[in-house]
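Here is the structure we will look at, set down as structure tokens.
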2 protein chains.
Amino acid sequence: MSDASELAAFAALLADRTRAAMCLALFDGRAWTAGELAAHAGVARSTATGHLDRLIGGGLLVEARQGRHRYVRLADPGVAGLLEDITARLEPGLPPARGLRAATADAALRRGRTCYDHLAGRLGVAVTDALTAAGVLDQAAGFAVTDDGLTWLTDRLGVAPDRLRAGRRPLARACLDWTERRSHLGGLAGARVCETFLDRRWVTRIGSGRAVRVTPAGQAALHELLGLTGLD
Amino acid sequence: MSDASELAAFAALLADRTRAAMCLALFDGRAWTAGELAAHAGVARSTATGHLDRLIGGGLLVEARQGRHRYVRLADPGVAGLLEDITARLEPGLPPARGLRAATADAALRRGRTCYDHLAGRLGVAVTDALTAAGVLDQAAGFAVTDDGLTWLTDRLGVAPDRLRAGRRPLARACLDWTERRSHLGGLAGARVCETFLDRRWVTRIGSGRAVRVTPAGQAALHELLGLTGLD
DNA sequence: GCGGCACTTCGGCGGGCGCCGAACCGTCGC
DNA sequence: GCGACGGTTCGGCGCCCGCCGAAGTGCCGC
């Protein structure tokens, strides 16, 4: 009986159009700010605050406060899997490959891929770790680009300084990688890094999808630049 | 966006204590009547009617009208799996084996088992099919014991007539078998058949669980009585 | 065919919940 | 510092939804 109450309480988290829209948006694996989710769902920020409180309290989401921002993402891959199971049930005929499980099944995608406009997969995590080790990123401070890091990006990597001026988009953003269960670098800096790697042919796209592969030239360059090895 | 509405609408089906209690009750795989579910959930019958309409309309349950009864059960194994996934999330530490998936994994259980007090699994379905072929059961009429069937149960199988008088419990009831995706015989008649098989040592329990095995004597007897073969 | 039973329909009540706007608080950038 | 901005708190509004009981409808058994 109490079991039924728990089930009902859990289901109630998703039983609201606004909260459902938030969870579906977060289904992409990225961390969103409260304001972005409010805009996405079409409600006032104050309303979004309450919904996020409930979703976090219910264990579906986790938050990371960063300055005046409240970043929020799905709590764990289990939540993503559950959402996928339910939505798959809702559209029986539709693409079975839309979700993250399909990505899991594909070794190439697991190795390396783009997530929107930045690197993800093992490659994305490896690059992020190397950037952290090199002092470019400060993960302790919640995924911030350090002052030295800015210099590194412009001088070592060769990104034009004005392309790193944060406008509406945060410079660095943590993006959770389901297949790796790790965060990798998103945001403006993540996009610039990916862009540069592609420009220089350090990585190339495989086919027309999101999968990418490190080229021989890229293996040499990334070893030279970041000490990375074993990027097949 | 419309996607979010659909997800919310679906989740709303389970987001009520009463409906959740109904679904959890049906999780055992049996078909319940509307009145039974109302009593189980502790609401008026009129209230239960509305809830069942919603659950059926949403595709979680299916109904089978039979006389003045409204039998209802989970729509398909996918629903059971979904419920299992969700409840497993709610009690992370608890028995991973409570559900039906565990049964699926166990070959012995898949072959033959008891479901409450009647036979299930391949054995249960085979016996039910044979009883139907022998004219004991009329599945077209919604799982009814025929007049000839009553005679068969008493004269051929040797069940005492007064043990087949239906009281509150229906004489025959369809019980859905998840592993076989087929109905098998439950209700009073199902219990008597199972009881008789066990009494005569045609089937014996394996260990202390629900799994059962057909004995050599049982194989001979069931072949003689119902033409059944291949019951290892 | 007549009572009894399972279920359904309907009207009405009450509580919960989602929504907003206004005021407030902390952080960031000039 | 001071304004801008993201997020939070609070009060109040309105709707939706779950609940019941009473009356109605088929179906069953005597």
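The sequence lines fix the lettering, A, B, ..., with proteins before strands; numbering per chain opens at 1.
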>> Measure CG/Leu37(B) against C1'/dG18(D) and give the value in whole Å, please.
In response: 17 Å
> Does Thr49(B) have a side-chain nitrogen or oxygen under 4.0 Å from the phosphate oxygens OP1 or OP2 of dC7(C)?
Replying inline: no
>> With a 3.5 Å cut-off and heavy atoms only, can you find an N or O donor on one side and an acceptor on the other between the side chain of Arg68(A) and the base of dC5(D)?
In response: yes
>> Strictly below 4.0 Å, N to O, side chains only: are Arg17(B) and Asp3(A) in salt-bridge contact?
In response: no
> Could you state the CZ-P distance from Arg65(B) to dC27(D), rounded to the nearest angstrom?
Replying inline: 11 Å
>> Measuring to OP1 and OP2 of dC5(D), would you say a side-chain N or O of Arg45(A) lies under 4.0 angstrom away?
In response: no
> What do you reckon, is CG of Asp147(B) surrounded by more than 12 foreign heavy atoms closer than 6.0 Å?
Replying inline: no
> Within the modelled atom types, does a donor on one side and an acceptor on the other bring the side chain of Ser46(A) and the base of dG7(D) under 3.5 Å apart?
Replying inline: no
> Given dC17(D), is OP1 or OP2 found less than 4.0 Å from the side-chain N or O atoms of Arg19(B)?
Replying inline: no
> Roughly how many Å is it from CD in Glu36(A) to C1' in dG6(D), rounded to a whole number?
Replying inline: 11 Å
> Closer than 4.0 Å, any side-chain N/O of Arg70(B) to the OP1 or OP2 of dT8(C)?
Replying inline: yes
>> Run Leu119(A) and Thr128(A) through side-chain contact (heavy atoms from CB on, under 4.5 Å) and show every step you take.
In response: CA-CA 9 Å; Leu119(A) 296 171; Thr128(A) 301; over 6 Å; no
>> Rounded to whole Å, how long is the line connecting atom CE of Met22(B) with atom C1' of dC7(C)?
In response: 13 Å
> Would Arg70(B) and Asp53(B) pass as an ion pair if we require N to O under 4.0 Å?
Replying inline: yes
> Do any side-chain nitrogens or oxygens of Thr47(B) fall under 4.0 Å of OP1 or OP2 in dG18(D)?
Replying inline: no
>> Measuring from the side chain of Arg54(A) (C-beta onward, heavy atoms only), which nucleotide among dT8(C), dG18(C), dC20(C) has the closest atom?
In response: dG18(C)
> Is a salt bridge present between Glu63(B) and Arg73(B), judged by a nitrogen-to-oxygen distance below 4.0 Å?
Replying inline: no
> Roughly how many Å is it from CG in Asp53(B) to P in dC19(D), rounded to a whole number?
Replying inline: 14 Å
> Between Gly50(A) and His69(A), which has a closest nucleotide on DNA chain D that is more 5'?
Replying inline: His69(A)
>> Counting only side-chain nitrogens and oxygens, does His51(A) get under 4.0 Å of the OP1 or OP2 atom of dC19(C)?
In response: yes
